Structure formats: C-alpha cells, structure tokens
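All remarks here apply to the structure that follows.
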Amino acid sequence: MPVLVLPHALDARVESLKSIGKANAERLDKLGVKTVRDLLLTLPFAQDAFMDTKISALVPDTLASVTGTVLSIKPIVTQRRHMRLVEAIVADDSGAQLRAVWFNSRFVLKYLNKGDRVTLAGTVEKSTYGGRIGMVNPRYEALEGNGEAGPKKVGGMTPRYHLVNGLTSRKIADWVEQVLPLADRLEDLLPEEVRERHHLGDVADAVRRGHKPENEADFREAKRRMAFAELFELQTAFAMVRASVAAEPATPIPYEQEVIDAFKTGVGFDLTRAQRKATWDAFKDMQQTIPMNRLLNGDVGSGKTAVAAACAAMAHAAGMQTVVMAPTEILARQHLRKFRTYLEESFKGLTVELLVSSQSAAERRRVRTAAASGHCALVVGTHALIEDDVEFANLGLAIVDEQHRFGTRQRELLRAKGRGRPHFLAMTATPIPRTLALALYGEMTLSVIDEMPPGRTPVETEVIEPDARARAYDIVRREVDAGHQAFVICPLIEESESVIARSATAEFERLQKDIFPPPIRMGLIHGRMKEKDEVMQRFASGDIQVLVATAVVEVGVDVPNATVMMIEGADRFGLAQLHQFRGRVGRGSASSCCLLLADDPTDRTLARLALVSRIRDGFKLAEEDMRLRGMGELMGPRQHGMSDVAMDALQQPELLNDVRQEAELIVSHDPELKAHPSLRAAVIRRVELTSIS
Ligand code: ADP
Ligand code: MG
C-alpha cells in the first residue's frame, strides 16, 4: 500500500493523500476531518456485520454475506407493478439457492455473469418482490478463480461513516486503509496506569480495530477505548478549570434565615421541593470562598427565576450586587418584571434595573451610574452588560440565563465585572440527562429542577396525520376567534435542496394567502432576520395572532395568550426539541394544545411522536430521545464538540464516572500535567474549544 511518509505525516492535510483531492477534502472538512490524524481518529459510527453464512442457514431480517456461483442473471420486469429489476440466482455448496434483485441497476449485468463466483452482502429478506428468500440491492463482488485468492471487498465487518453528499463509506474506508499504518505514530493521551486500571488497549490498536474490526466485540472495545480517552481529555480540562477557579477566591455570602422568610412572603407562593433543594445547594456554595459555579437545569416553567431571585436577595443582604444576563431583550425584560415582583416589595432598598442596547443613551447612563455607585442591587440585561463602560461597585453574583446561547468569552467578561471572582449561576431550560450534563458542563456542579409548580394545566398534545391537516388549521382559527394566539413551526430552513421541508417564508406566504387570510394578522420569524426581537414583541403584545416561526422561538418567551403550537415536519425535530416548543404554550390560564404533523408519517415516526403526547416530563423525554436517537442527536449536530463515539459511550454512566475519577486524580497529583505533556497540549486545545468558562 503506498503510504505518504512525511516527518509530520499525522498533521498532513488530507488532500495531500493519494486519491483524495480537493473536492473530497472539502467534503471531509465538513465532517471535521482536516488532517490524517483526524481521519484516523474519526471512527465509523457503526459496523455492519455481514457474516459469512451458508444460503441454507440464512435468517430473514439479519445481515449476512454469502459466497456462491451465479446460476443465472437477467433483467426482469415485475408482473404487478412493472418495475425493472436485475435478478440473479446464486447457489452455494449448501445446496440452497438465493435470489438477489437490484433496482435501477442494469450495470450489474456488466460485472456479473452466469458461472461467476460471487460474494453478496446485504440484509436477508423473507421474500424479494414475489420471489423467494434473498437480498434486495446487495453489495456484490465477482471473485477471481475460486475466490480463495485476494482480499474480499464485500462481506465481513463493513464500516458506516458519517457522510456528506459526494462521499461514501467505501471511499472513506479506502482512504483510511491508506493511512492506517500511521496509527502507530499516534500519541497516546491516556496515561499507562489509567489504561491498566480500566483494561484499555493502546491507541493504535483501538484505531485499527475501530476501522477494521474482526467482529462486533472488537468494534465495541475500540469504541470504549476511544470514548474513554476523549472523555478523559474533556474531564481533565474541566478538573483543571475547577482547580483554577478555586484558586481565585470569592467573597462568601452568609446565609440569613430572615432573608428567606422575607423572600417567601414576597413571591407569594411556596417553593416546590425541587426549587428548595436547588436554592439550598446554591446557598451552601455561596457561603464558601471558593466561587460557586453551578448549573441550574430545569424545564421551561419549572421556576428557575425564583431560585435565582432568592440568591440575589441573599447577596443583597450581604451588601453585594447581582447581575443577570439573558440572550435576548424580550427575555431580559421578562426577567426584569419577575425580579421586581419577587424582590422589590419585601426588600427595602433593593432596586432592579434594566440595561439593553435599545435604551436611550441617557437611560443607559443612569443605569450604569446606579450600578457603579452600588445604588442598584440588581441589573438585568443582555450583551449590553459586558461592554467596557459597565462597572459594579461590588458585584458578588453573576447569573446567566440560557447559558448555552453565550460563548465562553462573553461569560468570562461578565464575571470579570466582579472584584475578585463573583459567584456564578448558569441556567438552562433544555432538560438534558444528568450524564450528558456532566459530560458537557463538567466544570460546573449541577442542580436539577425536576418538578413543576402546582396548578398548571397540561398542554394537550396530539399527533395529526397529514391528511387531517385541515383540522389543525380549524383549531388554529377557532383559537384565534376566541381571542387567543398560535404558533406554526416550520422545519429549519436548510441549505440542502434535498430537504423536502418548506421554507418558513414560503409557508408564511401560502398560509396568509390561502389559510389564514386577513383580518387574521400573521407574522414571520426566522433566524436570518434582524428584527427578531420586534416580531416577538408584536406577538407578545397580541398584534400578531398567528406566528410562523422556525426553531428560533425555542427559548423562554412568555406569551400567556398563546394557546396553539402547531409543528410542521415534527418528525425532523428531536423529542426534546418538540418539548421545548410545547413549553411556549400553556403559560396562561386557558387550556392549550400542541399539534404534531409529520412529513414522513411512517409507523416508526408516529410512534416516536406519540411519546411526546404521552410523556410530559422534559427529563424523561430527553432520556427517551437519547435512547432512540443517541446522545449526539439530542444536542443537535456537532454543537457539542464531542464525537459520536464519545456521545454514545455516555449511555453507560459508569464509564463517565470512571473517567471523572481518573481526571480528578491526575489533576490533584499533577495540577499542571507536567508529567503528561501531550495530554496537557490536548487539554489546552479543549479549553479553548469548548464551553469551559
Ligand atoms: P423558568 O424555569 O422557565 O424560568 P419561571 O421562573 O419563569 O420558569 O416560572 C414560571 C412561572 O411559574 C412564573 O410565572 C412563576 O411566577 C411561577 N412559579 C414559579 N415557582 C412557583 C411555585 N413554586 N409555585 C407557583 N408558581 C410558581
Ligand atoms: Mg426562565
């Protein structure tokens, strides 16, 4: 095999490899593969096991490969539906025969002839279009002579790689084959004692077996080893961040019972058990000189704001200010209202102010002065908060809502407004399973609000078959007539033309013209628009009655008068995401509904969507989603900086526990990783790349 050997061959760009070329290199780049090292380290997400089987022993609905002789091969047209097929009958020494058919593949006739030895690999079908047991569109390879000589290209373990248009798994496998000898040069980031303790092989071996395993057990082992190493890198990075955060002290905020008593009177409701627990977790953290670094994960409407407000009240009692940053102006204004209602009456002298870029210069100056002089206890705002001219007299607590919408730098700038390091509380309304939270945000401690305040009417969720779409429109009209409002969600506008989904704009125009004509007032919002905030404002004020939207409405906007959430192409979204949309309605006293329409209503998608109507708990749904689609899908493609292999490994929480322990151990013994330079380099790359704050 010709191999390109350069001094730094692992760092060579993939286009320098034979047979890759510029176009393919660009395709690989989309998959995150830039160098030979990337190519080696990107394992296939699956390996199909087409195991050698005698024809007499084939079992329907399993994968298999058979090797035999072509008894006949010819084009045919099916009797019933007049489909054009190529049909081959193959026999092996078990005496049984197999029928293989290929659709739209006349060229098979060029490669396979009567009398050839052939290997076929595919899914065994009980019946092949009126015929007997066989395979539809199997992979095939004519073998030289008796087939004993030379490597077989079909059959055995067959990798499936993530692809973009223009690539095939076969092509990637060929390129990997070219560079596989270089696997021996990969540096092993896992310290030897860690490998020994957890029975993990070396990296070269895992890479070879991951791409070309002998059997399924091989592949599983390789994945475990690669996932362990990747998670170890990430968790070591988190452990280092934790250690460095702990080294920069915060001012402790002492616990005062009277504050809590006054707070309870002020909010006018009893905190739920989960809210009390989260509040208590935070109070305990804030009493320390080690700065709090906590993530509050709770479903939409679970009452995270009250927890945040209790922390702000405690900081205020200790003479310290709090800042709250939200990703949009609407959310910031919403917070302003809530914090004022919760706090201003029961805490004399506690004032809450707003800072957003749409304010007049004079108003912003007034708020900045109030913050800098210490007169204002709490400032709520958007990115405007992190500008240079914003200063605080004594910032003790920084809170970020929808924290995943901010970058590391933005959060860091907010924290830098404190004298010393302020305590930090992040909030997110995306319910994610605990393991995933630990893997992604391992530098933070986690509080989960897994319980809803009492007295909420659940949102009725219904799966609607495409031919019943008119009924969904009727429901929207009925609600609008009754003075309520509705969302119509379209699948994301995607670049690729192959997506059937209608673009939001076209859908908006069509609906306005044919379905909801004036006097119904419609609006449109999507991610490419500048005036998103204005549109949301018009919807919130009731000016827009039916809002056509893409996924941008996901985050916590409160429009209590909205009672219908109609989701087109619901099958394209993850369950967790559907749940987020559903959380946009049912926020007022009127009963609300969520209507799910599928583009591709197979039994499987309908069953998946039915889960959303059955399960109301966001965390349970997220777990279900993860089970069905894998962790990677839950987060949306590649937003998380983790490979699929690592994501999949999170299905086994024990593995992550082991990894976290090892990471903790290594950082406590060797905080600078002096003894592990290559791990150190990788970790530093991670710290820059991920959400580490
Ligand atoms: P989220 O977690 O989505 O930010 P919010 O803090 O906005 O949720 O709370 C949603 C609504 O529930 C608010 O109107 C809030 O006042 C109310 N709420 C919060 N906690 C409770 C509770 N323990 N009992 C009753 N209502 C509550
Ligand atoms: Mg909120």
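Everything numeric in this text was worked out from a predicted model, so none of it was measured. Counting begins at 1 with the first residue of the sequence. Both ligands and their constituent atoms are indexed starting at 1 by order of listing.
The N/O atoms of Gly301, backbone and side chain alike, include one that comes under 3.5 Å of an N/O atom in ligand 1. Below 3.5 Å of separation, one finds no N or O of Arg587 facing any N or O of ligand 1.
Between the side chains of His423 and Asn293, no donor-acceptor pair of N or O atoms lies under 3.5 Å. Residues Glu363 and Ser360 have side chains that never bring a donor and an acceptor to within less than 3.5 angstrom of each other. Thr382 and Glu329 form no side-chain donor-acceptor contact under 3.5 Å, judged by distance and modelled atom types alone.
Looking only at distances, no side-chain donor or acceptor of Arg421 sits under 3.5 Å from a matching main-chain atom of Ala250.
Under a 4.0 Å criterion applied to the non-hydrogen atoms of Gly303, ligand 1 contributes the atoms 1 (P), 2 (O), 5 (P), 6 (O), 8 (O), 9 (O), 19 (C). Interface atoms of ligand 1 facing Val300, defined by a heavy-atom separation under 4.0 Å, are 3 (O). With ligand atoms numbered from 1 in the order given, ligand 1 contributes 23 (N) to contacts under 4.0 Å with heavy atoms of Thr272. Within ligand 1, the atoms closer than 4.0 Å to a non-hydrogen atom of Ser302 are 2 (O), 8 (O), numbered from 1 in the order shown. Atom numbering of ligand 1 starts at 1 in the shown order; those under 4.0 Å from a heavy atom of Asp299 are 2 (O). Close approach of ligand 1 to Asp270 (heavy-atom distance below 4.0 Å) involves ligand atoms 22 (C), 23 (N), 24 (N).
One option in Thr305, Thr428, Asp401, Leu271 has a heavy atom closer to atom 5 (P) of ligand 1 than any other, and that option is Thr305.
Of all protein heavy atoms, the one lying nearest to atom 12 (O) of ligand 1 is Arg456 NH2, 3.1 Å.
In this structure, Phe347 has its ring center at least 6.0 angstrom away from the ring center of Phe263.
Contact annotation for Lys338 and ligand 1: only side-chain heavy atoms (C-beta onward) come within less than 4.0 Å of the ligand.
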